[in-house]
Every structure is written in structure tokens, then in C-alpha cells.
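Because the structure is a prediction, the values reported are computed rather than measured. We count residues from 1, following the sequence as given.
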Amino acid sequence: MHGLNPQQSAAVLLCDGPLLVLAGAGSGKTRVIVEKIAHLVQSGRYPAKRVAAITFTNKAAREMRERLARRVKGDAGEALTISTFHALGLKLLQIEHAKAGLRRGFSVFDSDDSTAQLKDLMPGAKPDALQAAQALISRAKSGGLSPQQAQDAAITVREREAAALYAKYQARLTAFNAVDFDDLIRLPVQLLENDADCALAWRERIGYLLVDECQDTNDAQYRMLKALAGNKGNFTCVGDDDQSIYAWRGANPENLSQLARDYPALQVIKLEQNYRCSNRVLRSANALIANNPHEHPKQLWSAQADGERIRVWECRDSGHEAERVAGEIHFVHTARTAAWSDFCVLFRGNHQSRALEKALQLLRIPYHLSGGTAFLERGEVKDALAWLRLIANPEDDAAFLRAVQSPKREVGATTLAKLAELAQHAGLPLSRASESIGLLKQLPPRASNALSGFIDIVRHLRSEAMRVPPAELVRQLNDRSGLLTALRAQCKTDAMFAIRRGNLDELADWFDASKRAEARGSGAGELAASLALLSHADKGDAGNQVRLMSLHGAKGLEFRYVFIVGVDDKTLPHEASIDEGRIDEERRLLYVGITRAKEQLWLSHSRETQRWGSRIRLQPSRFLDELPAAELQRDGADPVADAERKNERATAGFAAIKALLEV
């Protein structure tokens with residue numbers, strides 16, 4: 001237990017029965033999880049293969065795995081299960097596919113695939129209606145409801161219509177031998193709750209369970225935890241109710257309280273020592289979050305110094321606000337020789353980034369805006385994945401529809417509609433229908449020949465998948481399918497082609513790395529399915545650049561200097577949250593933002609903004625009044641401090657000019 005504080009040590013050593021670790025921001029929760037896993041294995045209490053840790057992102061799982069590799073060596077480290085809820089659900093379904101009503105090699109539909117099916121089931125529906133339908137189905141699945149249960153629970157006309165659509169959509173998935181992302185939790189829960197033998201076998205397989213960010217679990221994920229833990233409850237749940245900011249996507253912070261009701265023997269340990277922030281930041285965060293109701297209140301503290309007071313700026317508008325932020329970043333970077341990556345600017349909504357980008361560009365400050373096009377959302381990558389899914393699952397119609405048109409060949413929408421009609425009459429999936437010589441003869445000759453050529457390529461690659469490693473299969477696919485040739489024709493410059501070809505090369509590299517790290521010995525089909533689990537946060541490194549991101553995206557990160565802009569009423573807290581009485585979650589959102597700052601924090605608000613062609617007066621956020629006045633330095637409130645700051649800026653400016661002249 002070297003280097004752990006008493007509470008951390010207690011959390012590591014308590015290995016019998018259910019345990020809830022309430023881990024405040026920056027309290028070293030990941031280290032506790034890593035040390036506990038090492039203790040469980042090295043003490044001989046559990047073999048590594050019976051220990052499982054669940055996180056919420058692949059990035060977090062990968063970082064935890066890397067840290068554990070330094071603590072648990074050799075085969076034991078390889079045998080540990082470190083994954084997301086969805087990855088664990090996928091693994092369970094791949095093993096228990098028959099019991100779940102699936103055939104081997106099932107497909108995992110991504111959001112685009114699901115939308116395509118709903119579009120077919122809702123002809124003429126507008127994008128907003130499709131999005132709403134998708135959200136309602138996802139909400140039902142996140143609540144662990146089957147189509148029949150959703151129909152039984154429906155009360156309003158809209159709910160009954162959504163439940164009926166859910167039933168049709170799920171029947172379509174079953175016909176395609178496919179699941180969507182939500183099914184990766186719902187189906188394992190359904191199986192574990194209804195099949196006692198299966199549940200017992202999985203409890204034997206997973207002897208001890210650790211769950212990170214437990215406050216972010218939705219109802220289905222919580223039920224999965226309970227089903228795997230059983231009545232004995234040998235688990236450690238780590239969470240922080242003060243950082244629950246995802247209710248809008250189904251997270252239920254009440255699950256932390258539910259643990260005590262479901263497991264009366266639950267022990268609770270609080271981690272309150274913060275290793276990240278200055279004490280001024282912590283006192284402000286504590287005061288803010290104290291306005292929320294708590295079953296287990298915490299008081300974060302630090303052994304570090306008080307640090308600088310929190311700067312509170314009043315700006316004219318968002319343009320002025322952005323200019324001040326950019327100017328301050330440039331000044332601190334110069335005066336304190338800080339790296340650009342030491343800075344982060346946080347906002348409530350992504351639209352707030354526009355003024356910031358302009359101001360940073362004017363000062364030639366490098367920045368990285370989180371929320372760009374995700375790696376797996378790039379067109380050429382999605383095309384390759386469609387081919388892989390079709391190779392793995394000949395009955396994946398969604399993959400067939402994309403692959404057969406990537407690259408373009410003599411197979412248009414009219415031909416595909418005719419093929420779908422023929423397939424329906426023959427009772428075959430589209431891809432199987434395209435392999436039927438008798439059905440192809442009923443299509444125009446050019447389209448028939450094009451489909452025959454396409455099927456020849458798919459068959460060849462399917463054969464190759466049985467003998468070559470997955471990464472090599474991806475490289476063969478990129479060349480044999482014609483994807484690279486089509487990319488070359490689409491790209492106007494060599495540089496653009498190099499970038500897009502690099503994306504396909506990276507996809508092959510990921511398969512290679514994934515096989516080593518996760519799917520030892522698994523086939524191409526299972527690896528193709530596991531790709532659906534990658535999230536946006538898993539790709540890309542901002543490097544030495546200022547980070548711009550939403551408050552929701554900042555959770556789990558830390559920076560020396562943090563700016564939170566738009567701290568106005570109806571922005572933070574958001575207007576919809578005020579109207580709907582969801583102020584507590586908005587307060588937690590600001591709390592998360594504040595506790596990202598290691599050394600210094602700036603909060604800014606504006607007097608007015610431009611909306612719908614008119615200037616609108618703004619009010620400072622009500623949350624500013626909940627922060628201790630002694631910890632804040634507001635504009636004009638402390639002339640002495642303002643003068644010192646002005647002199648510091650002037651000195652730094654002269655030093656910068658002198659350095660330029662001496663070059």
C-alpha cells in the first residue's frame with residue numbers, strides 16, 4: 001500500500017462483499033482500482049482470469065490496461081478482463097449467442113445502419129422524426145425493455161406508436177442476425193436474469209467485479225452489474241454523485257443510492273483528498289456543490305497551497321469574451337513559459353467555440369477543437385467496415401447495401417430495389433439473393449454482371465479471412481475491393497489521397513493492435529463486430545495545442561489553466577434545464593468544469609448577446625453567487641490586484657519584444 005492514503009488503502013484491502021468508493025474529483029480513483037486489481041491477483045484471492053474491471057470508454061479501459069501491465073506481469077496481466085460495459089456485453093453474446101437467439105458471426109449495427117432500417121420502416125419520414133424514433137427505441141432499450149415490455153408499458157398514443165415501431169425494428173434486426181449498440185447491454189441482461197444456469201456460469205467466470213464511474217450507469221447497465229454480482233455481491237463500485245452529468249443520455253445517479261438498498265451489507269469509503277487542484281479551487285467547488293442534495297456529502301481538500309484566486313470576468317459580448325480569453329492565454333504562455341497544452345477552454349454548447357476559434361487564430365495560437373469528425377465516421381473507413389461486416393456475416397443486408405456501392409459500380413438504386421423485391425419473394429437476405437444465378441438473370445445484364453463481379457470479390461476475401469490475419473485481410477480488402485482506386489479518383493491532390501489512404505492503413509493497424517490486446521485468437525468476424533464499440537474519444541491526440549471542448553467532454557481530464565466561458569443564466573444553467581427543473585445537473589456540470597483546473601481558473605460572462613438579429617441582455621449565472629466571495633477576484637473589485645496583474649502583463653510584453661529583437 002506504499003504511497004496510498006488511509007482511505008485509498010482501506011478501499012484496496014476490503015475484498016469481501018459489496019463496496020462503494022465515493023471518489024471525489026482528482027482523488028486518485030484510477031490508482032485505487034489498479035492497486036486493488038493487483039492486490040486481488042497477487043494476494044492469491046482470485047486468479048486474474050476471474051477479475052473484471054468495467055469502464056465507460058475504450059480510452060479509459062486502454063489506459064487502465066496499460067497501468068496494470070506495469071503492476072501485474074506476464075500471463076496474469078493478459079488474463080485480466082478490462083473493458084467497457086458494451087465490450088463485455090459483446091463478449092457475452094459471442095459466447096452465448098445461441099441462448100440469446102443469435103447465430104454465430106452476428107453483426108453490430110451502428111447508428112447509420114439503425115437509421116437506414118428506420119427510414120425503410122418509416123417511408124417519407126423527415127430526419128427529425130427518424131431521430132426522435134431512434135431516441136425513443138434507445139431509451140426503451142437502455143431501460144432494459146424488450147419490444148413486448150415496451151408495448152405493455154405504453155400509455156400514450158405516441159408511446160404505443162413508438163413501441164410498435166420498436167417491435168418492427170427489432171424483428172428486422174433478428175432477420176439480419178444483427179444487434180445494435182443498446183442490445184449489447186439489453187440482451188445480456190435479459191439472458192442473465194432469465195437463465196439461472198447462465199447467470200451462475202458467468203458469476204463463476206467473473207469472481208470479482210470492479211465498476212468505474214458507477215454514477216453514469218443507466219438502468220440496464222445497473223441490472224447487468226447486479227446480475228453478474230449476484231446476491232453475494234463481491235464487487236467494488238467507484239463513483240461520484242457530484243459528477244453525474246449524463247442524465248440526458250439515460251444515466252441514473254440514483255443507482256449509487258440503490259446499491260445500499262439492494263445490498264444491505266454495502267460498505268462505503270469516501271476519497272476526499274484531492275491531488276489535482278489548489279485549495280481555492282476546491283473550496284469554491286465544495287461551496288457550489290453543497291447546494292445539491294446529498295446522501296453521502298463530501299468535502300474535498302488538498303495538501304497543496306491555496307493558489308491564485310479565481311478570476312471572474314464581465315465581458316461585453318461573446319466576441320469580447322473570446323478576445324480576452326485568447327489574450328490571457330497568450331500572456332500566460334509567454335510570462336510563465338507554459339505549454340499550449342496546459343490550457344483548456346470549456347463551454348456549455350459547441351456553438352460557443354466559433355468566436356473562440358476566430359480569436360485564437362488571430363493570435364496564431366494553436367488549438368484543438370474536440371468534436372470533429374470521428375475516425376470511424378470517415379467515409380472511407382465506414383466503407384471498409386461495411387465490406388468487413390459482409391465478409392463476416394453474409395446475411396448483413398445493411399453492410400451489403402453499403403459495400404455494393406463502395407466503390408460505385410453498375411448497381412443503382414433501381415437495381416437494388418428490384419433485387420430487394422426478388423429477395424423478399426425468395427425469402428433470402430439481399431446478399432444471398434445476389435449470389436443466386438436464377439435471380440440475377442431477372443436483372444438487366446449490366447447490373448447482373450456487376451453484381452456477379454462484386455460477389456466474386458466478396459467470396460475471395462471471405463476465403464482469405466480463413467487463412468490470413470485480420471490486419472492483412474483489411475489491406476487486401478482495400479486493394480481488391482477497388483476502394484483505393486476510387487479514393488485516388490476522388491482526391492484532387494496527392495496530399496488529400498495520402499491522408500485518406502492513411503485512414504485505411506490506420507484501420508488495418510487497429511485490427512492488428514486489437515488482436516494483440518483484446519481478441520487473442522478471435523476471427524475477423526468478431527473483430528469486425530468489436531469495431532462498433534470504438535467511441536470518438538478513442539482516436540486522436542491534441543498534441544501541444546490549446547484544448548477547446550464542451551463541459552460534458554472534459555470529464556476525467558485536467559489542465560494547469562482552465563477557462564469556462566458563457567457563465568450566464570440560461571446558458572449555464574441552460575435555459576431548458578431551468579424550465580424543466582434540472583438545475584442540480586447543471587450545477588454538477590459546472591462543478592466538473594471547476595475541478596479540471598490544477599493551478600488557475602477563469603470564469604467569464606457577458607452583458608449581452610446577439611440572437612435572432614437582436615441584442616439581448618444577459619444576467620450572470622446564479623451559480624456565481626454560490627461561490628465564496630473570498631476566493632474570487634472580480635473585475636474592478638480589487639484595484640491593487642488589478643494593478644499588479646497589469647504590471648505583470650507589461651513586464652511579460654517587454655520581455656517578449658526584447659527576445660524578438662535579439663533573434
Side-chain angles (χ1 to χ4, degrees), residues 15-20 40 45-54 79-106 108 140-153 166-167 170-171 173-174 177-211 214 217-237 250 252 254-266 526 529:
C15 299
D16 293 315
L19 171 64
L20 172 60
L40 288 167
R45 298 183 71 96
Y46 291 92
K49 66 181 181 181
R50 296 193 66 216
V51 177
I54 303 178
L80 292 165
T81 296
I82 314 292
S83 72
T84 63
F85 269 105
H86 291 89
L88 182 60
L90 175 61
K91 180 179 179 181
L92 188 150
L93 289 178
Q94 287 171 336
I95 293 171
E96 310 287 359
H97 58 87
K99 292 181 179 179
L102 297 165
R103 299 186 298 281
R104 187 182 299 278
F106 60 86
V108 180
K141 291 190 175 190
S142 296
L145 299 179
S146 67
Q148 185 58 54
Q149 289 170 326
Q151 288 176 329
D152 293 341
Y166 175 15
Q170 199 62 33
L173 292 187
T174 301
N177 190 33
V179 297
D180 64 17
F181 203 65
D182 293 316
D183 285 330
L184 297 179
I185 306 297
R186 183 184 70 86
L187 291 177
V189 167
Q190 180 179 300
L191 183 58
L192 293 168
E193 290 181 343
N194 297 328
D195 188 327
D197 291 339
C198 183
L200 187 63
W202 275 87
R203 288 172 198 148
E204 180 61 28
R205 180 188 287 264
I206 300 176
Y208 199 94
L209 188 64
L210 301 98
V211 180
C214 193
T217 54
N218 60 30
D219 292 342
Q221 288 163 338
Y222 181 78
R223 286 166 60 185
M224 187 174 180
L225 159 65
K226 279 186 60 184
L228 290 171
N231 294 329
K232 191 174 181 182
N234 278 333
F235 64 75
T236 295
C237 284
N252 184 4
E254 292 300 314
N255 287 339
L256 292 183
S257 302
Q258 187 63 37
L259 274 174
R261 293 189 284 274
D262 290 335
Y263 294 93
L266 181 75
E526 291 179 354

Does Ala48 have any side chain to side chain contact (heavy atoms under 4.5 Å, CB included) partners at least two apart in sequence or in another chain, and if so, which?
-> Val41, Ala76, Ala79, Leu80
By side-chain hydrogen bond (donor to acceptor under 3.5 Å, both in side chains) - contacts of Asp182 (at least two apart) = Ser138
Nearest-0.5 Å distance, CZ of residue Phe235 to CG of residue Leu266 = 6.0 Å
How would you list, by chain and number, every residue that makes a salt bridge (charged side-chain N to carboxylate O under 4.0 Å, His left out) with Lys226, sequence neighbours excluded?
-> Asp262
Residue set satisfying salt bridge (charged side-chain N to carboxylate O under 4.0 Å, His left out) with Arg103, at least two apart, ordered chain then number -> Glu395
Measure the CG-CE distance between Leu187 and Met224 for me, rounded to the nearest 0.5 Å.
-> 10.5 Å
List in chain and number order the residues that pass side-chain hydrogen bond (donor to acceptor under 3.5 Å, both in side chains) with Thr217, two or more places apart in sequence or in another chain; answer none if no residue qualifies.
-> Asn255
Identify the heavy atoms of Gly143 and Asp219 that sit nearest to each other, and give their distance.
-> CA-CB, 4.2 Å
Please identify each residue that fulfils side-chain hydrogen bond (donor to acceptor under 3.5 Å, both in side chains) with Thr174, with sequence neighbours left out.
-> none
All side chain to side chain contact (heavy atoms under 4.5 Å, CB included) counterparts of Ala171, not counting sequence neighbours = none
For Tyr166, what residues pass the ring-ring contact (aromatic ring centres under 6.0 Å, His included) criterion, not counting sequence neighbours?
-> none
Under a 4.5 Å cut-off applied to non-hydrogen side-chain atoms, are Leu228 and Leu88 in contact?
-> yes
Side-chain contact, heavy-atom cut-off 4.5 Å: Leu184 with Phe85?
-> no
Is Cys237 close to Leu225 at the side-chain level, that is, under 4.5 Å between some pair of heavy atoms?
-> yes
Residue list, side-chain hydrogen bond (donor to acceptor under 3.5 Å, both in side chains) with Tyr263, at least two apart or on another chain | none
Nearest heavy-atom approach of Leu102 to Ala178 is CD2-O, 4.3 Å
Side chain to side chain donor-acceptor pair (under 3.5 Å): which pairs involve residues 195-205, sequence neighbours left out?
-> Glu96-Trp202
Shortest non-hydrogen separation from Ala220 to Gly144 and the atoms involved = CB-N, 4.0 Å
Minimum side-chain heavy-atom gap Phe106-Leu93 below 4.5 Å | yes
List in chain and number order the residues that pass salt bridge (charged side-chain N to carboxylate O under 4.0 Å, His left out) with Glu193, two or more places apart in sequence or in another chain; answer none if no residue qualifies.
-> Arg223
Residue that, paired with Ile54, satisfies side-chain contact (heavy atoms from CB on, under 4.5 Å) out of Ile206, Leu210, Leu209 = Leu209
Rounded to the nearest 0.5 Å, what separation is found between the CD1 atom of Ile185 and the CD atom of Gln221?
-> 5.0 Å
When you measure from the side chain of Asn234 to the backbone N and O of Gly17, does any donor-acceptor pair fall under 3.5 Å?
-> yes
What's the shortest heavy-atom distance between Leu191 and Lys99, and which atoms?
-> CD1-CB, 3.7 Å
With sequence neighbours excluded, tell me which residues meet salt bridge (charged side-chain N to carboxylate O under 4.0 Å, His left out) with Asp183.
-> Lys141, Arg186
Any side-chain heavy atom of Thr81 within less than 4.5 Å of one from Lys91?
-> yes
